[in-house]
Amino acid sequence: QREYRSQFDRRRLDQPHRHEARLLIAHMDTTDCDWKRPSFLGLGVARAGTRWLAQCLTEHPEIIVSAEEASFFVRRRLLSTWQNGFAWYGSLFHDPSKPNDKVRGEISPPYLGDAESADLIRAYVPDAKLICILRNQSEALYSAYQLFLHFNPDLSRTTLSYYTYLLYSPKLFDEYFYLEHIQRFH
């Protein structure tokens, strides 16, 4: 684990993504579109109860929660919706059944682990409150292992032990070392 952590620390030193995010922020203009800004953003880790929290908040008559994990402020992932633009993003917070909405937001766990999200959120929704949902790290890692086995039924616990899964999935450690990710949002 020490060797892995030292590789992680070396990767953090140059951080080219922060420069790219600043360039992007400097060139994006939101004045030409009227978009509803979220009052809050939920971020966290997978399998920590983010969907449950979104469902609970949706039950309140004055809160609009995006029906989907928009992952709008994530540009480098397959599920990113950044390219859809601010007008599309703002449309996620429209609900005709709640005409007197006072609070609107979305919950997208990928924001916590993404290197650029903090800068993009700070630039475009600086007044948004952040809700960070975490889970005990060892429980979260084991839950990820169980989910992996669920989606890969050919593998069983006898052919792929938890130890082997962790050994060959070092990227998981990046996701579940929360402190580094949370510090970007401070």
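Numbers here are sequence positions counted from 1. Note that the structure is predicted; figures quoted are calculated from it, not measured. Atoms considered below: every heavy atom in the structure, side chains included; atoms not considered: hydrogens, waters and symmetry mates.
The structure places CG of L149 at 11.0 Å from CG of D154, a figure rounded to the nearest 0.5 Å. Rounding to the nearest 0.5 angstrom, the gap separating the CZ atom in F73 from the OH atom in Y124 is 8.5 Å. Summarising the geometry, atom CD1 belonging to I107 is positioned 9.5 Å from atom CG belonging to L43; distances are rounded to the nearest 0.5 Å. Here the CZ atom belonging to F40 is positioned 6.5 Å from the CD1 atom belonging to I63, to the nearest 0.5 angstrom. Residue S66 holds its OG atom at 12.0 Å from CG of L57, rounded to the nearest 0.5 Å.
No side-chain heavy atom of L166 sits less than 4.5 Å from a side-chain heavy atom of Y145. Under the 4.5 Å side-chain criterion, counting only non-hydrogen atoms from C-beta, D101 is not in contact with F93.
Put simply, L53 and Y178 are part of two different groups of oily side chains (I, L, V, M, F, W, Y) that touch within less than 4.5 Å, one to the next. A single hydrophobic cluster is not seen to contain both V65 and L92; linkage of ILVMFWY side chains at heavy-atom distances under 4.5 Å, directly or through other members, places them apart. By the rule that hydrophobic residues join a cluster once side-chain heavy atoms approach within less than 4.5 Å of another member, F177 and I182 end up as members of one cluster.
Nearest heavy-atom pair across Y111 and G42 is CD1-O, 4.0 Å. In this structure, P38 and G105 approach most closely via the heavy-atom pair CB-CA, 3.9 Å. Scanning all heavy atoms of the two residues, the minimum distance from G44 to L112 falls at O-CB, 3.4 Å. Across every non-hydrogen atom of A118 and F185, the tightest pair is CA-CE2, 3.6 Å. Considering all non-hydrogen atoms of both residues, A46 and P109 come closest at N-CB, 4.3 Å.
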Residues 127-137 side chain polar contacts: donor-acceptor under 3.5 Å, at least two apart:
from: R135; atom 1: NH1; to: R47; atom 2: O; distance (Å): 2.5
from: R135; atom 1: NH1; to: S143; atom 2: OG; distance (Å): 3.4
from: N136; atom 1: OD1; to: S138; atom 2: N; distance (Å): 2.9
from: N136; atom 1: OD1; to: S138; atom 2: OG; distance (Å): 2.7
from: N136; atom 1: OD1; to: E139; atom 2: N; distance (Å): 3.2
from: Q137; atom 1: NE2; to: Y176; atom 2: O; distance (Å): 2.8

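For the 3.5 Å distance criterion, the side chains of E106 and S108 qualify, holding a donor opposite an acceptor.
Partners of T81 according to the side-chain contact (heavy atoms from CB on, under 4.5 Å) rule, which considers only residues two or more places apart in sequence or in another chain, are A70, F72, N84, W88. Among residues two or more places apart in sequence or in another chain, the ring-ring contact (aromatic ring centres under 6.0 Å, His included) test is passed with F148 by Y165. For E62, the salt bridge (charged side-chain N to carboxylate O under 4.0 Å, His left out) criterion is met by K102, not counting sequence neighbours. Residues forming a side-chain hydrogen bond (donor to acceptor under 3.5 Å, both in side chains) with T164 (at least two apart in sequence, or on another chain): S161.
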- prompt: Does the pair W82 and V74 meet the rule for a side-chain contact (heavy atoms from CB on, under 4.5 Å), with working shown?
  reply: CA-CA 7 Å; W82 178 261; V74 177; over 6 Å; no

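S39 places a side-chain N or O within 3.5 Å of a backbone atom of R104 that can act as its donor or acceptor partner. R75 contributes no side-chain N or O that, together with a main-chain N or O of Q83, makes up a donor-acceptor pair within less than 3.5 Å.
Apart from Y163 itself, the hydrophobic cluster it occupies contains L167, Y168, where clustering links Ile, Leu, Val, Met, Phe, Trp and Tyr at side-chain heavy-atom distances under 4.5 Å.
Applying the side chain to side chain donor-acceptor pair (under 3.5 Å) definition to pairs two or more places apart or across chains, none involves residues 49-61.
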